[in-house]
Amino acid sequence: MRVAGQPLKRRSVAGFFLLIASVWAAGPHAQNAEPPDALRTQSLDVSDNLYLVSGGGGNSLLMTGDHGVVLVDTKLAGHGRALLDVAASISDQPVTTVIYTHAHVDHTGSSRELPTLRQIVAHENTKAIMERMDAFKGPGAPFLPGTTFQETMSLGEGRDRINLYYFGAGHTSGDIVVAFPGKRVAYVGDLFPGKTVPVVDAAGGGSFVAWPQTLARVVAELKGITKIIPGHGVSPPGSPLGRWITMADLEEYSNFTRDFLATVQAAFKAGKTVDEAASSLQLSERYPAYTFDNARAGVQAIYAELNIKR
């Protein structure tokens with residue numbers, strides 16, 4: 001489904017780095033939240049209207065425009081005031097649109113603290129997951145996605161167009177990629193957790209078996225993207241790569257998950273136990289920069305899926 005939204009026009013601002021301290025008096029919706037973290041904001045685009053906001057849970061992207069500010073992911077509960085401060089420091093427009101990359105509370109937790117929202121967008125599977133979450137029942141229900149899609153959707157136009165894509169299951173059943181083609185930036189959320197074995201939320205419909213194919217589709221179908229923003233971590237500074245993540249890094253991760261899956265499938269077919277499969281992966285030589293701390297959990301997730309399909 002393709003939906004065209006209001007056009008978003010850039011508002012240039014001076015400065016590249018903004019340090020925003022998220023210190024505020026907790027309201028009734030954040031009484032049980034952890035103390036808010038400091039948020040770090042940096043420009044992602046020469047037009048100065050697309051920003052990465054890190055800290056406080058998952059990464060967020062913020063794009064200013066004459067018709068309102070668009071926010072991708074809202075972090076853990078308790079960071080709404082800080083996000084509003086970021087928006088106010090770079091735009092005179094309110095935060096009107098939120099896009100969720102998936103349902104987890106470190107990406108959706110502060111939505112209730114954003115009083116000017118007019119539109120919340122997510123994949124239809126993400127909405128279904130969120131409807132089962134306590135945070136989005138009762139008073140939280142108005143902050144469920146009101147606009148959903150199945151495969152693709154677009155908001156805005158020109159250099160500020162935002163394209164939303166669903167390529168398949170991975171971390172959950174509803175992970176989407178948010179692309180800004182005019183700025184050559186794409187936010188892939190938790191589909192790219194870094195150079196490590198991915199974590200699968202099976203209860204949320206995640207699938208290790210589907211993950212490599214999902215990533216392969218991202219690489220094949222997104223063209224012209226030069227910066228990949230992950231769900232967590234700052235790049236740069238703070239990136240283990242020491243530079244911005246690129247499509248080549250995402251392609252390598254797609255290959256890694258494919259090879260990990262194939263190795264575990266062979267072990268499963270050979271009748272090995274989970275522990276035997278995890279100890280015999282032999283992927284570190286092929287992927288020396290990767291960590292395997294979560295290898296056993298990854299093997300276990302694959303075995304669970306394969307046992308269901310027997």
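No experiment lies behind these values; they were computed from the predicted model shown.
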Name the one of Leu50, Asp48, Ile90 that satisfies side-chain contact (heavy atoms from CB on, under 4.5 Å) with Ser43? Asp48
With Val178 as reference, evaluate Ile99, Asn163, Val188, Leu155 under the side-chain contact (heavy atoms from CB on, under 4.5 Å) test and give the passing residue. Ile99
Could you walk me through whether Phe143 and Thr74 pass the side chain to side chain contact (heavy atoms under 4.5 Å, CB included) check? CA-CA 11 Å; Phe143 300 93; Thr74 65; over 6 Å; no
Counting C-beta onward and ignoring hydrogens, is there a side-chain heavy-atom pair between [X] and [Y] closer than 4.5 Å?
X	Y	answer
Ser254	Val218	no
Val72	Phe180	yes
Thr196	Asp293	no
Glu131	Leu144	yes
Asp106	His232	yes
Phe268	Asn307	yes

Got a second to check how far [X]'s [atom1] is from [Y]'s [atom2], nearest 0.5 Å?
X	Y	atom1	atom2	value
Leu52	Leu61	CG	CG	6.0 Å
Phe149	Tyr165	CZ	OH	10.5 Å
Tyr287	Asn255	OH	CG	5.0 Å
Thr108	Leu76	OG1	CG	9.0 Å
Asp92	Thr64	CG	OG1	9.0 Å
Phe167	Glu151	CZ	CD	10.0 Å

How far apart are the C-alpha atoms of Leu71 and Leu114, what are their side-chain angles, what is the distance that settles it, and do they pass the side chain to side chain contact (heavy atoms under 4.5 Å, CB included) test? CA-CA 10 Å; Leu71 179 63; Leu114 307 174; 3.8 Å; yes
Please report the closest heavy-atom contact between [X] and [Y], naming both atoms and the distance.
X	Y	answer
Arg296	Ala278	CA-CB, 4.0 Å
Tyr253	Pro193	OH-CG, 3.2 Å
Tyr166	Arg217	O-NH1, 4.1 Å
Thr214	Ala169	OG1-O, 2.6 Å
Thr148	Lys127	CG2-CD, 3.8 Å
Gly233	Asn59	O-ND2, 2.7 Å

Counting only heavy atoms from other residues, nucleotides and ligands, does the tally under 6.0 Å from CD of Glu252 exceed 12? yes
Qualifying residue for side chain to side chain donor-acceptor pair (under 3.5 Å) with Thr101, from Thr126, Asp73, Thr172: Asp73
One pair to check against side chain to side chain donor-acceptor pair (under 3.5 Å): His102 and Asp201. What are the steps and the verdict? CA-CA 11 Å; His102 64 290; Asp201 176 10; over 6 Å; no
For the pair [X] (side chain) and [Y] (backbone), establish whether a donor and an acceptor sit closer than 3.5 Å, ignoring hydrogens and angles.
X	Y	result
Asn125	Ser173	yes
Glu113	Gly78	yes
Arg40	Ser54	no
Lys272	Lys269	no
Lys227	Leu44	yes
Ser91	Ala88	no
Asp175	Gly189	no
Lys75	Gly58	yes
Asp249	Thr246	yes

Assess, by modelled atom type and distance only, whether the side chains of Asp190 and His104 contain a donor and an acceptor separated by less than 3.5 Å. no
Distance only, no hydrogens: is a donor on one side chain within 3.5 Å (strictly under) of an acceptor on the other, for Gln282 and Thr263? no
Residue pairs meeting ring-ring contact (aromatic ring centres under 6.0 Å, His included), one or both in residues 203-226, sequence neighbours left out, come to Phe208-Phe260
Let's go through Met247 and Ile228 carefully: what are the C-alpha distance in whole Å and the side-chain angles of both, what is the deciding distance for side chain to side chain contact (heavy atoms under 4.5 Å, CB included) to 0.1 Å, and is it a yes or a no? CA-CA 7 Å; Met247 192 62 76; Ile228 297 292; 4.0 Å; yes
Using the six-membered ring wherever Trp is involved, compare the ring planes of Tyr100 and Phe136 and label them parallel, tilted or perpendicular (cut-offs 30° and 60°). perpendicular
Any chance you could lay out the side chain to side chain contact (heavy atoms under 4.5 Å, CB included) test for Arg159 and Lys183, step after step, and finish with the verdict? CA-CA 7 Å; Arg159 289 197 72 254; Lys183 307 172 194 307; 3.8 Å; yes
